[in-house]
Every structure is written in structure tokens, then in C-alpha cells.
S.K.: 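Dropping a structure here in C-alpha cells format, bear with me for questions.
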Amino acid sequence: MSVENVAEILDQPRRIRDKIVTVDQLANIVRALKSSGKSVVQCHGTFDLLHPGHLRHLEAAHHEGDILIVTVTADEYVNKGPGRPIYNQQLRCEMLASLQFVGWVAVNSQLDAVSLIHKIQPNVYAKGQDYADVGQDVTGKIRLEVEAVEAHGGKFVMTNEITFSSTQLTNQHFDIYNPEMNEYLRRLRKNKSMTELFELIESVRDYRVVFIGDTILDEYRYVTVMGKSAKENIIATRQLSSDVFAGGVIAAANQTAAFCKEVEIITALGNDNAAELDIQHCLKPNVKLSPVFRNDSSTIRKIRFVEKEQTRKLFEVCHISDAPINQDVESDLLSLIHKKLADADMIIVTDFGHGLVTPTVVKALANQKKFLAVNAQANSANRGFNLITKYPRADYICINSDEARLAVSDRHSPLEVVVGRELASRIDCPKMIVTQGRRGSIVYSRGHEPTVLPAFADKVVDSMGAGDAVLAMTAPLVAAGGDMEAVGFIGNILGALNVKMVGQQSVEKASVIKGITALLR
Ligand SMILES: Nc1ncnc2c1ncn2[C@@H]1O[C@H](COP(=O)(O)OP(=O)(O)O)[C@@H](O)[C@H]1O
Ligand SMILES: [Mg+2]
């Protein structure tokens, strides 16, 4: 858009829909405005349920320059709990665009505002007062935004108008949760402050965590279904693309690394070098890999054929040799464990039952003195053979309901009984979380009745690895002495965020903080 065009447009009465543009168009418009000497103010937010606090903020922001533009968070990144946003991004844009003092509106289709700011380069970036309180910037996001604004010579301002929180308004006046959820949240708000939860999360920041577990490469082959084969009773598909995620212990370690300073992974890799490269590539910067190598197989790879349109899994092929590691590899592993544990704060075991954690390794883990958190996974390759009860003791276990039932051979009793009586008497472990998918989780603390906690997700894209992510994030919190109801709540927030993403991607700390704020306000 040229300078004249922009100036011309501003002189005309404008239709609401003409004010709504893409981020790229907006960047061009801003460039034109700036070169014609106008000062551009940008506000960014969700703006779900526009209220007087928003109006005052936007109006005050407008006074900071000549033209006000507003960018809104795309629906998929609105991280304010179930049922939100109430209005989709198109409607939120329309509401904003209908305000007289709003010049242009665009949807930010990226997770954070930082790259958006680099693209738009406003003269002024304005935030409302609510960002000044409740430890909003524990995650340092606002600081990064301010840095981005200043990098292009812009100025950050905080408008000083009355504030309302749309989250608080929706929580209090809209029926976005079912009655049980409302009751649960009401009780939680009474017993736990947000600050207490933020402090718990911050208390594990400097932890050094050692992981032990099987490495799994999770490959997704995206296909489109063409139809039924003419000659066979099978579905014929066409491959579109593929993706590899480092899963198993690697994904779990990356998740912990979003909350703790240093993470080290002890694992076994196979005799294929390519896998190690794939894995190194996926590690967060604060995660270190210390592998032992087994010569009898390649690194475990699970290939899933996924119907792309709806992210539906059709079929799985595993490249796996799950025989126990041989004695040489085992003794390498034991000495590695011994060495790495010396200056660790805690150890997390993600045991997928693929041969790494032998009885001797279990014994070594149970006998060492550091805080021990364990998950022993039931999956198609090991069903019934990899039970949590192979560990005589642990400080914390986090398994799913199926794994809990298999471990105590009880298919039908209520899960509270399975957890609080049967499992508690079979393994020496004071704290447990048993997750149950869309039904949330049960938390147990020795000496107390198990408590059922609800799940928060309203959109599930891929639930693979959700339980591992919950273990990875909650284990340090338990080690830090966190109260189990608080830990379980944070775990379910993480679970809800995890199932929204495809494959093994980790949830950022900022998203968890936002989730807590959204639900507890
Ligand atoms: N379908 C779902 N709907 C809502 N939340 C889910 C769903 N699946 C998983 N979660 C969340 O993730 C957590 C762990 O998932 P779960 O499926 O129980 O573990 P696993 O991946 O080990 O089987 C749950 O406690 C819940 O918070
Ligand atoms: Mg699991």
C-alpha cells in the first residue's frame, strides 16, 4: 500500500470489514503510515468479550500516537482455559474494527507477540494495567516484547485506565464450565493463591534433573485416504508429508527443561548414527544427552500413518527390538547413572519397557538416595509385562489408569480404591498421580484419601505423550514439596495444553502460567 493510498483511506468513512487485514498487509500499512510521518500505536491481546476496560485502554492508547492498530491472538493460541475464546477471531476482529478510534485490525497467527512486533515495528506498543500485577511477567514475556519494540526505536507504554479482566468476568458471569468444574475451581480459588502456585513453579527453576528412559523416535507419515483398493479390502492412501519427533525420554526431558535449569538424559541408542543426529537436533539447549549404545538393534522408531485432514491415526509400524540390554551395556549404564547422579537434585525414570531398565538397573535406582520419580508405561509392545510394581520404592509415581489397574490386576473397582488401597500397599511410594485421559487425574498423598481432579482440555489433537509430559512437569514440583492438589491442578493444565499439539512438542512455562491465571482468577 502506498503512502497516498493510506492517507486517502484515513480521510474516508470506512467499512468495518475493510479495517480487517492480514499481518503482512498490516506491516505494509504501518510502513506507509510511518513514512508519511504518522505515529502508529499497537495494542495486542485476545480481546474476547470486549468490555469497558478494553475501551478505555484502547482509547488511551490511541492518544499515544496518530493511528491505533490492534492485533489479536489467533483462536488456537488463546490459552485461557476451556470454552475460550468465547468469540472466534473473526468476531473479535469485527468488534474491534467497529470502534471509531481503531484504524486496522489483524489476527496474529503465531504463538507470541515478539515476532509480530518485529514485523509491525510500531512507534508505540501499549499494554493495559492488568499486566502490571499478579506476577504477570514471571515468564519474562512482556520484557521480550518491550525489547522487540525498542529494537526498532519504538516506545512501550502502559495505559493507566480502570481495569477489568475478561477472564474474571467470564469466570464469574458466564457459564463456561459445568457445575462440577465450577465447584472445583471455587474450592481451589479459596485454598490456593495464584502466587503460591507461581512460587512453586519458580522454586524448581535451578534444579538439575537426570532422566533415565528409552528413546523413541516418533515418526508421523501424513496421508490422505484415496479410497478402498479395488482388489483388496484395504484402504489405499497417498503419502503427503512426514515428520519425526524425538519421543520417549527425550520428549519428557525437553518438557522438564522448560521449567528446570539443567536436564541430562541417560538412555540407550541403537547402532544407527542418523538417529543420534535426529535426536541432538530436537534437544532444548539446556538438555544434554548421555547415551549408551546397543549393537543388537537400531534406535526404536514408531511410525504412525496419520490421516492428515483430521489428524486421525490409521496404523502403526514399530522398528523395535525390546530384548533386555546385554551385560556390557548394562554395566556402562550403571556407571553412567552413578556418575551423573552425584550432583543431581532428582531423577525421573520414563520406563517404556523396551529393554533398558533391567532388574539390576531397577535395584540401583531404588537404592540410590536422590528423589526418585517413575513412570512405567504400558504399551502395545509390552502390555502387562512392564508394571510399576517392578519398582520396590519411589518418591513419586505418575502413571495412567490402565497402568494402575494392570499393576494390581484389578479391572473393575473404582479407581480411587485401586490407587488409595491396592497400589499404595503394593509399592512403597508416598505420592502418586494416576491420570485418566479426558477424565483428568487422581492424586494421592499417603495418609489422605485420593482426590479426583477434572481435566481441562476442550480440544484434543493428539494425546500421545500427555502422561509423560505430566510426569515430567509435576515430578520437580513434588520434589520441591508441592502440595499434591496444587501439583495435580498444574499437571492437568499441562495435560490440556499438551493434547492440543500434534506429536511430541513441549509446553512452554508461559502457557502454564497463563492457564493458571485463567482458571484461578
Ligand atoms: N482426551 C483428553 N481430554 C482432556 N484431557 C486429556 C485428554 N487426554 C489427556 N488429557 C490430559 O493429559 C493427562 C495425561 O493423559 P493420559 O491420557 O491420562 O496419560 P497417558 O498419555 O500416559 O495415557 C490427563 O490427566 C489430562 O489432564
Ligand atoms: Mg503414559
Side-chain angles (χ1 to χ4, degrees), residues 79 81-84 177-178 180-181 184-185 188 211 213-214 216 218 245 247-253 255 302 304 310-313 348-354 357 373-384 386-388 396-407 415-416 418-419 432-444 450-475 477 484-507 511-512 515-516 519:
N79 183 8
R84 303 289 304 275
Y177 309 127
N178 60 36
E180 294 84 53
M181 178 72 87
Y184 168 66
L185 291 174
L188 202 66
F211 267 87
D214 308 89
I216 299 165
D218 287 303
F245 299 94
V249 69
I250 311 286
Q255 182 59 74
K302 299 185 177 176
R304 286 146 184 122
Q310 306 184 29
T311 329
R312 241 184 234 149
K313 293 183 190 139
I348 302 179
V349 183
T350 54
D351 180 353
F352 293 85
H354 296 328
V357 188
V374 185
N375 168 277
Q377 185 101 359
N379 53 41
S380 47
N382 68 26
R383 197 173 160 81
N386 191 50
L387 304 176
I388 191 71
Y396 168 55
I397 65 175
C398 178
I399 55 179
N400 70 19
S401 52
D402 196 33
E403 287 149 2
R405 289 186 181 284
L406 280 169
L415 196 58
E416 287 97 316
V418 169
V419 178
M432 302 192 253
I433 289 184
V434 173
T435 62
Q436 37 177 355
R438 69 186 158 78
R439 285 186 299 280
S441 60
I442 289 193
V443 299
Y444 168 84
T451 317
V452 182
L453 307 182
F456 300 117
D458 54 355
K459 185 171 149 219
V460 179
V461 175
D462 184 1
S463 63
M464 187 182 68
D468 308 328
V470 171
L471 166 77
M473 127 117 269
T474 55
L477 304 182
M484 287 309 284
E485 272 217 49
V487 172
F489 170 66
I490 300 173
N492 278 327
I493 290 181
L494 186 104
L497 292 166
N498 176 286
V499 298
K500 275 207 237 177
M501 300 183 289
V502 77
Q504 304 273 19
Q505 308 180 54
S506 43
V507 174
S511 311
V512 174
I516 294 174
L519 289 164

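Predicted model, so just to flag it, every value in this text is computed and none were measured. Counting starts at 1 for both ligands and their atoms, in listed order.
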S.K.: So, using side chain to side chain contact (heavy atoms under 4.5 Å, CB included) as the criterion, who are the partners of Val502 when residues are at least two apart?
M.R.: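 By the side chain to side chain contact (heavy atoms under 4.5 Å, CB included) rule, Val502 matches Tyr220, Tyr222, Phe245, Thr311, Val461, Asp462, Gln505.
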S.K.: Let me know which protein residues bring a heavy atom to under 4.0 Å of ligand 1; chain then number is fine for ordering.
M.R.: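 Within 4.0 Å of ligand 1, protein side: Asn400, Thr435, Gln436, Gly437, Arg438, Gly440, Ala455, Ala457, Val460, Ser463, Ala466, Gly467, Val470, Asn492, Gly495, Val499.
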S.K.: Would you kindly say whether Ser441 and Asn492 are connected by a side-chain donor-acceptor distance under 3.5 Å?
M.R.: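 There is such a pair between these side chains.
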S.K.: With sequence neighbours excluded, tell me which residues meet side chain to side chain contact (heavy atoms under 4.5 Å, CB included) with Asn382.
M.R.: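 Counting only residues at least two positions away or on another chain, Asn382 forms a side chain to side chain contact (heavy atoms under 4.5 Å, CB included) with Ala378, Asn379, Asn386.
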S.K.: Would you check, one step at a time, whether the test ring pair (Phe, Tyr, Trp, His ring centres under 6.0 Å) holds for Tyr444 with Tyr396?
M.R.: CA-CA 10 Å; Tyr444 168 84; Tyr396 168 55; over 10 Å; no
S.K.: Check side chain to side chain contact (heavy atoms under 4.5 Å, CB included) between Arg383 and all other residues, then give those that pass, not counting sequence neighbours.
M.R.: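 Side chain to side chain contact (heavy atoms under 4.5 Å, CB included) check on Arg383 returns Asp402, Leu406.
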S.K.: For residues Glu416 and Ile442, determine if any side-chain heavy atom of one lies less than 4.5 Å from a side-chain heavy atom of the other.
M.R.: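 Result yes, sub-4.5 Å side-chain heavy-atom pair found.
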